[in-house]
Enquirer: 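Right, I'll just put the structure down here and ask away after.
Since we're looking at a predicted model, the values are computed, not measured.
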Amino acid sequence: VRHFDEEFDAPGAPNAAKWGYDTGEGGWGNNELQYYTNRTDNAVVSNGTLKIIAKKENYGTSAYTSARLLTKGKFSFQYGKVEVRAKLPASAGTWPAIWMLGDNISSVGWPACGEIDIMEHRGIELNKIFGTVHDANSGGVGNGGTTTITGAATDFHLYGLEWNAGSIKFYVDNNLYFSFANNAALPFNQKFFLILNVAMGGNFGGTVDPAFVSDQMEIDYVRVYQ
């Protein structure tokens, strides 16, 4: 049963019934360089896809803007299959992510709430896809795997997750590349919400191309099955 379905068919701002925003600056714990806004300049639906657009512009004390959309307080789920069809930015310094956090983050904090990174990518290492889980045992390092694909930034690919009480499995284009053993002692047995963002620079994103002007992650759909 499809439990959550976002096809990004209605042009304009993302559907407020499904998506909220994290806004502001300050590095987000990773020394990132962007200011996250809730403007359509940085997140807009057009021609059937969501564009999360990172731009070089002074905003607050930041040199870049972007957006971070999340379903917190609007939609969360425990276990299931997630499929996100996306095309990634190519520029050095971009750090797009499709990921999830435990609903209890406001009470227990991170990483105790658990984090599941369905897809992370960095322009400095084009086409290498990262799938990772973080919890109190692994903290910032996490447990994960990678796979290398072709055309991450030129073509749409399907980024997938299969999650249950026994395992968390990561896929690209239906190919399994990392499997993590879940158990009752871990935080991955509660409801999680979805996050879509493009960060700039930071500990993972690396040095931003000095010639960078703008780049985007384009998302065709987000589907959750249970």
Side-chain angles (χ1 to χ4, degrees), residues 1-6 22 28-30 68-86 88 95-122 125-150 152 156-197 199 202-205 217 219 221-226:
V1 177
R2 200 179 292 179
H3 194 49
F4 178 88
D5 195 1
E6 173 61 278
D22 276 334
W28 297 87
N30 304 297
R68 173 160 146 162
L69 277 63
L70 62 167
T71 65
K72 186 181 185 189
K74 299 170 190 286
F75 170 73
S76 63
F77 65 104
Q78 178 179 337
Y79 306 145
K81 179 180 178 180
V82 183
E83 290 190 333
V84 181
R85 188 170 182 263
L88 310 179
W95 172 9
I98 299 166
W99 54 301
M100 312 196 303
L101 286 169
D103 264 359
N104 63 349
I105 185 166
S106 24
S107 54
V108 306
W110 183 92
C113 63
E115 173 180 330
I116 301 173
D117 302 323
I118 301 170
M119 186 292 302
E120 287 182 287
H121 177 266
R122 48 186 180 180
E125 223 174 352
L126 204 58
N127 295 318
K128 186 176 181 180
I129 305 301
F130 294 76
T132 317
V133 300
H134 300 264
D135 60 65
N137 303 315
S138 61
V141 180
N143 289 291
T146 64
T147 186
T148 302
I149 62 174
T150 52
F156 283 92
H157 291 273
L158 193 62
Y159 300 99
L161 180 81
E162 286 181 3
W163 166 37
N164 60 46
S167 66
I168 304 173
K169 295 180 175 180
F170 297 79
Y171 297 82
V172 179
D173 298 326
N174 298 309
N175 297 310
L176 175 69
Y177 68 94
F178 175 60
S179 186
F180 176 81
N182 192 15
N183 67 61
L186 295 170
F188 308 114
N189 302 286
Q190 59 163 328
K191 287 187 170 185
F192 274 61
F193 59 87
L194 296 160
I195 309 170
L196 308 171
N197 71 284
N203 305 345
F204 187 79
M217 172 163 63
I219 296 170
Y221 57 75
V222 178
R223 298 171 182 167
V224 177
Y225 303 86
Q226 283 190 302

Enquirer: For N189 and N182, which I'm curious about, is there any donor-acceptor pair between the side chains at under 3.5 Å?
Expert: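 Per modelled atom types, N189 and N182 side chains form a pair under 3.5 Å.
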Enquirer: Check the pair D5, V224 against side chain to side chain contact (heavy atoms under 4.5 Å, CB included), reporting the backbone distance first and the verdict last.
Expert: CA-CA 7 Å; D5 195 1; V224 177; over 6 Å; no
Enquirer: Report the C-alpha distance between V82 and R223 in whole Å, list the side-chain angles of each, state the deciding distance to 0.1 Å, and finish with yes or no for side chain to side chain contact (heavy atoms under 4.5 Å, CB included).
Expert: CA-CA 6 Å; V82 183; R223 298 171 182 167; over 6 Å; no
Enquirer: I want to check something: taking the side chain as every heavy atom from C-beta on, are Q226 and V1 in contact at a cut-off of under 4.5 Å?
Expert: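 No, too far: nothing below the 4.5 Å cut-off.
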Enquirer: Could you grab the distance from atom CG of L161 to atom CD of E83, nearest 0.5 Å is fine?
Expert: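 Atom-to-atom, L161:CG and E83:CD are 10.5 Å apart.
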Enquirer: I'd like to know if the side chain of Y177 and the backbone of G131 have a donor-acceptor N/O pair within less than 3.5 Å.
Expert: yes
Enquirer: What verdict does the side chain to side chain contact (heavy atoms under 4.5 Å, CB included) test give for F4 and R2, after you've listed the backbone C-alpha separation in whole Å, the side-chain angles of each residue and the deciding distance to 0.1 Å?
Expert: CA-CA 6 Å; F4 178 88; R2 200 179 292 179; over 6 Å; no
Enquirer: Side chains of residues 103-114: which donor-acceptor pairs under 3.5 Å do they make with residues two or more places apart or in other chains?
Expert:
{"unit_1": "D103", "atom_1": "OD2", "unit_2": "S76", "atom_2": "OG", "d": "2.7"}
{"unit_1": "N104", "atom_1": "OD1", "unit_2": "Q190", "atom_2": "NE2", "d": "3.0"}
{"unit_1": "S107", "atom_1": "OG", "unit_2": "N104", "atom_2": "O", "d": "3.0"}
{"unit_1": "W110", "atom_1": "NE1", "unit_2": "E115", "atom_2": "OE1", "d": "2.6"}

Enquirer: Please report the interatomic distance CG(L196) to CD1(I118), rounded to the nearest 0.5 Å.
Expert: 9.0 Å
Enquirer: For the atom pair CG (L194) and CH2 (W99), what is the distance rounded to the nearest 0.5 Å?
Expert: 11.5 Å
Enquirer: In Å, rounded to the nearest 0.5 Å, how long is the span from CD1 of I168 to CG of D117?
Expert: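 Answer for the CD1-CG pair, I168 versus D117, is 10.5 Å.
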Enquirer: Would you kindly check if the NZ (Lys) or CZ (Arg) of R122 is within the cone defined by 45 degrees around the ring axis of F204 and under 6.0 Å from the six-membered ring centre?
Expert: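 Because its charged atom sits under 6.0 Å from the ring centre and within 45° of the axis, R122 does stack over F204.
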Enquirer: With sequence neighbours left out, write down each residue that passes ring-ring contact (aromatic ring centres under 6.0 Å, His included) with F180, or none if nothing qualifies.
Expert: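 Scan of F180 (ring-ring contact (aromatic ring centres under 6.0 Å, His included), adjacent residues dropped) gives F188.
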Enquirer: Quick check: closest heavy atoms across I98 and A86, and the distance to 0.1 Å?
Expert: CD1-CB, 4.2 Å
Enquirer: What are the two closest heavy atoms between T132 and V141, and how far apart are they?
Expert: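 Between these two residues, the closest heavy atoms are CG2-O, 4.3 Å.
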Enquirer: Can you name the residues that form a ring-ring contact (aromatic ring centres under 6.0 Å, His included) with F77, not counting sequence neighbours?
Expert: F75, W163
Enquirer: Report yes if the side chains of T148 and I129 come closer than 4.5 Å at any heavy-atom pair, otherwise no.
Expert: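 Result no, sub-4.5 Å side-chain heavy-atom pair not found.
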Enquirer: Report the residues that fulfil ring-ring contact (aromatic ring centres under 6.0 Å, His included) with F170, sequence neighbours left out, ordered by chain and then residue number.
Expert: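 Once residues adjacent in sequence are excluded, the partners of F170 under the ring-ring contact (aromatic ring centres under 6.0 Å, His included) criterion are F178.
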Enquirer: Could you tell me if H121 and N127 have a donor-acceptor pair between their side chains, going purely by distance under 3.5 Å?
Expert: no
Enquirer: Quick one: side chain to side chain contact (heavy atoms under 4.5 Å, CB included) partners of A199, sequence neighbours excluded?
Expert: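 For A199, the residues satisfying side chain to side chain contact (heavy atoms under 4.5 Å, CB included) (neighbours in sequence not counted) are E32, Q34, Y36, W95, N197.
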Enquirer: Mind running side chain to side chain contact (heavy atoms under 4.5 Å, CB included) on L88 and Y159 for me, showing each step along the way?
Expert: CA-CA 11 Å; L88 310 179; Y159 300 99; 3.5 Å; yes
Enquirer: Does one side chain, of D173 or N175, offer a donor that lies under 3.5 Å from an acceptor on the other?
Expert: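 Absent: no donor and acceptor within the cut-off.
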Enquirer: Could I get the full list of side chain to side chain contact (heavy atoms under 4.5 Å, CB included) partners for L176, not counting sequence neighbours?
Expert: K169, Y171
Enquirer: Can you tell me how far CE of M100 sits from CD1 of I195, rounded to the nearest 0.5 angstrom?
Expert: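 Here the interatomic distance stands at 9.5 Å.
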Enquirer: Under the 3.5 angstrom rule, does the side chain of N137 hit a backbone N or O of D135 as a donor-acceptor pair?
Expert: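 No: the side chain of N137 does not pair with the backbone of D135.
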Enquirer: Any chance you could measure F130, atom CZ, to M119, atom CE, to the nearest 0.5 Å?
Expert: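 Reported to 0.5 Å precision, the distance equals 11.0 Å.
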